[in-house]
Amino acid sequence: MAHGIPSQGKVTVTVDEYSSNPTQAFTHYNINQSRFQPPHVHMVDPIPYDTPKPAGHTRFVCISDTHSRTDGIQMPYGDILLHTGDFTELGLPSEVKKFNDWLGLTWLKAKLQG
């Protein structure tokens, strides 16, 4: 876990003291609470998927654990897509192909709109 501290227009990344010991981090931050939030992390409200991107900004689109259920996702335009977690339900080759096809269609739609 790391967080940035602005310093004269630059960001210094400091490493969380528990990053080398996940068990200790789990205990320290008490992940069993309703929402895991280390003290230096500040939650932000998501913006609507169709919000225009301000000029000069980079938009990250973050999704996770789609488990072969991408049909209903309204993917916003973004510069960088981060998908974390599982993208298949069972890891079948057909699920991987479906996900790959979905990514290709999503990219094509974004190119046509942008």
Side-chain angles (χ1 to χ4, degrees):
M1 294 179 230
H3 62 281
I5 300 171
S7 173
Q8 299 175 346
K10 296 180 182 180
V11 174
T12 302
V13 176
T14 57
V15 178
D16 187 283
E17 62 182 302
Y18 300 111
S19 63
S20 62
N21 189 333
T23 303
Q24 189 176 9
F26 182 92
T27 302
H28 178 76
Y29 292 121
N30 193 5
I31 202 166
N32 291 320
Q33 294 177 358
S34 62
R35 183 170 68 192
F36 172 60
Q37 185 174 343
H40 55 272
V41 173
H42 303 286
M43 301 299 289
V44 296
D45 292 325
I47 58 174
Y49 79 94
D50 57 352
T51 302
K53 182 182 80 160
H57 287 76
T58 301
R59 178 170 287 167
F60 289 81
V61 176
C62 306
I63 59 175
S64 71
D65 297 298
T66 51
H67 296 278
S68 296
R69 293 185 215 115
T70 54
D71 296 335
I73 296 176
Q74 291 183 304
M75 187 67 69
Y77 167 77
D79 301 298
I80 298 171
L81 172 65
L82 297 171
H83 186 293
T84 61
D86 300 328
F87 64 89
T88 68
E89 192 68 39
L90 301 171
L92 299 173
S94 60
E95 292 175 311
V96 175
K97 181 176 180 344
K98 179 184 174 191
F99 183 75
N100 188 59
D101 292 346
W102 174 76
L103 277 179
L105 265 174
T106 300
W107 178 84
L108 180 60
K109 286 178 186 175
K111 291 301 267 185
L112 292 174
Q113 291 173 354

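Counting begins at 1 with the first residue of the sequence. Model, not experiment: these values are computed from the prediction.
- Listed here is the closest heavy atom pair of Thr58 and Lys53: C-CD, 4.5 Å.
- If you chain together hydrophobic residues whose side chains sit under 4.5 Å apart, Leu105 and Val96 never meet in one group.
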Side-chain donor-acceptor pairs under 3.5 Å in residues 81-88, sequence neighbours left out?
from	atom 1	to	atom 2	distance (Å)
His83	NE2	Thr66	OG1	2.9
Thr88	OG1	Gly91	N	2.9

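- Qualifying salt bridge (Lys or Arg N to Asp or Glu O under 4.0 Å) partners for Asp71, counting only residues two or more places apart in sequence or in other chains: Lys98.
- Applying the side-chain contact (heavy atoms from CB on, under 4.5 Å) test to Asn21 and every residue at least two apart in sequence or in another chain returns Thr23, Gln24.
- The side-chain contact (heavy atoms from CB on, under 4.5 Å) test applied to Thr51 returns Ile47, Pro48, Arg59, not counting sequence neighbours.
- For Asp101, the side chain to side chain donor-acceptor pair (under 3.5 Å) test picks out Lys97, with sequence neighbours left out.
- Here Glu95 pairs with nothing under the salt bridge (Lys or Arg N to Asp or Glu O under 4.0 Å) rule; sequence neighbours left out.
- Taking OG1 of Thr106 as the start and CD1 of Ile73 as the end, the distance is 8.0 Å to the nearest 0.5 Å.
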